[in-house]
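A short worksheet on the structure shown next.
Quick caveat, the model's predicted, so the values are computed rather than measured. All heavy atoms count here, side chains included; hydrogens, waters and symmetry mates do not.
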Amino acid sequence: MSLVASGEGKQLRAGGNDVTVKIHPDDGARAFSLFESRIPAGGRVSPHLHRDYEEAFYVLDGELSFLLGDSWSLGRVGATVHIPRGVVHAFVNESDATARVLVVHTPAAAIRMIEELAALPPDADRGLAAAILARHASEPVH
């Protein structure tokens with residue numbers, strides 16, 4: 001049980017995006033984790049899928065283009081995106097402004113994957129990221 005104030009939470013930088021973890025398994029969460037992410041202009045997450053995780057995004061500021069399966073959709077402020085297990089997804093900020101999203105993963109342990117990815121150096125070999133994804137029943141999709 002916790003209260004995390006605005007601007008507080010565990011800070012990560014994953015793939016050039018700033019992540020503030022609000023609900024984490026270390027706080028007793030089991031069913032889901034929650035984080036806020038800031039995606040700069042041009043920021044992106046490459047296509048991938050999760051076999052054991054569901055994911056949801058709520059756009060707080062700006063807009064992001066989301067790959068959902070094999071088609072792209074624009075998510076503006078207030079949009080909600082649900083990614084079931086096994087669905088290929090990605091996002092990119094094609095605007096000139098920073099976008100901000102609230103992200104929920106279920107189960108909560110999914111946040112561990114993001115923590116491991118955030119620990120990689122910016123110039124890390126893609127194989128290292130793929131190995132992290134594989135440990136978390138996830139994979140990049142080309």
Side-chain angles (χ1 to χ4, degrees), residues 1-93 95 97-142:
M1 179 169 31
S2 63
L3 185 149
V4 181
S6 178
E8 292 182 355
K10 181 177 184 179
Q11 302 293 315
L12 305 170
R13 186 149 178 88
N17 303 316
D18 293 318
V19 173
T20 304
V21 180
K22 302 292 189 171
I23 299 176
H24 191 279
D26 290 349
D27 302 321
R30 298 291 172 257
F32 68 93
S33 59
L34 176 81
F35 64 90
E36 181 181 326
S37 187
R38 292 179 179 276
I39 301 95
R44 66 182 57 244
V45 168
S46 299
H48 63 285
L49 62 82
H50 310 291
R51 286 183 294 284
D52 295 343
Y53 305 142
E54 281 188 74
E55 197 167 13
F57 295 82
Y58 181 81
V59 181
L60 298 167
D61 289 316
E63 61 186 42
L64 293 172
S65 292
F66 289 93
L67 174 64
L68 307 169
D70 59 2
S71 64
W72 288 89
S73 298
L74 184 62
R76 294 188 171 99
V77 172
T80 301
V81 177
H82 172 239
I83 316 288
R85 290 173 171 93
V87 173
V88 174
H89 60 286
F91 62 79
V92 61
N93 182 351
S95 77
T98 297
R100 194 167 56 101
V101 293
L102 199 58
V103 183
V104 176
H105 279 124
T106 181
I111 194 70
R112 304 273 189 217
M113 178 184 62
I114 293 170
E115 289 174 316
E116 289 181 40
L117 291 168
L120 290 175
D123 60 349
D125 180 85
R126 289 178 154 210
L128 293 174
I132 291 170
L133 288 170
R135 278 197 304 278
H136 293 275
S138 302
E139 63 187 71
V141 176
H142 306 285

_R112 vs D26, salt bridge (Lys or Arg N to Asp or Glu O under 4.0 Å): CA-CA, chis, key distance, verdict_ = CA-CA 10 Å; R112 304 273 189 217; D26 290 349; 2.9 Å; yes
*Test side-chain contact (heavy atoms from CB on, under 4.5 Å) on V88 and E139 and set out the steps.*
CA-CA 9 Å; V88 174; E139 63 187 71; over 6 Å; no
*When you look at T20 and D18, which way does the side-chain contact (heavy atoms from CB on, under 4.5 Å) test go after all the steps?*
CA-CA 7 Å; T20 304; D18 293 318; over 6 Å; no
*Where do E115 and H24 land on the side-chain hydrogen bond (donor to acceptor under 3.5 Å, both in side chains) test, with the steps shown first?*
CA-CA 11 Å; E115 289 174 316; H24 191 279; 2.7 Å; yes
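The backbone N or O of V19 lies less than 3.5 Å from no partner atom in the side chain of K10, so there is not a single donor-acceptor pair. Remark: side-chain polar atoms of R100 are not paired, donor with acceptor, to backbone N or O of V59 under 3.5 angstrom. Under a 3.5 Å cut-off, the side chain of S95 and the backbone N or O of A97 do form a donor-acceptor pair.
With rounding to the nearest 0.5 angstrom, the CG atom of L74 is 9.0 Å from the CZ atom of F66. Taking CE of M113 as the reference point, atom OG of S138 lies at 4.5 Å (rounded to 0.5 Å). Within the model, atoms CG of L68 and NE2 of H89 stand 9.0 Å from one another, a figure rounded to the nearest 0.5 Å. Once rounded to the nearest 0.5 Å, the distance linking NZ of K22 with CG of L3 reads 9.5 Å. Going from atom CG of L102 over to atom OG of S37 covers 10.0 Å, rounded to the nearest 0.5 Å. With rounding to the nearest 0.5 angstrom, the NE2 atom of H142 is 7.0 Å from the CZ atom of R126.
In terms of heavy atoms, L67 sits closest to D70 at CD1-C, 4.0 Å. Between A108 and A29 the shortest heavy-atom distance is CB-O, 3.5 Å. Summarising the geometry of R85 relative to D52, their closest heavy-atom pair is NE-O, 3.1 Å, with the distance given to 0.1 Å. Closest of all the heavy-atom pairs between G69 and V87 is N-CG1, 3.8 Å. Considering all non-hydrogen atoms of both residues, E63 and N93 come closest at O-OD1, 3.6 Å. The minimum heavy-atom distance between L49 and G86, with the atom names listed, is CD2-O, 4.1 Å.
When the options V101, L12, I39 are evaluated for a side-chain contact (heavy atoms from CB on, under 4.5 Å) with N17, the one that passes is I39.
Side-chain polar atoms of E54 and T106 form no donor-acceptor pair below 3.5 angstrom. A donor and an acceptor atom, one from each side chain of H50 and H136, are nowhere located under 3.5 Å apart.
The shortest distance between side-chain heavy atoms of I132 and L120 falls below 4.5 Å. Counting only heavy atoms from C-beta outward, the side chains of I114 and H105 approach each other to under 4.5 Å. Under the 4.5 Å side-chain criterion, counting only non-hydrogen atoms from C-beta, R30 is in contact with P25.
Note: F91 and F57 have perpendicular aromatic rings, judged against thresholds of 30 and 60 degrees for the angle between ring planes.
V92 meets the side chain to side chain contact (heavy atoms under 4.5 Å, CB included) test with R44, S65, W72, E94; sequence neighbours excluded. Applying the ring pair (Phe, Tyr, Trp, His ring centres under 6.0 Å) test to F32 and every residue at least two apart in sequence or in another chain returns nothing.
The environment of R135 atom CZ is dense: over 12 non-hydrogen atoms of other residues, nucleotides or ligands sit within 6.0 angstrom.
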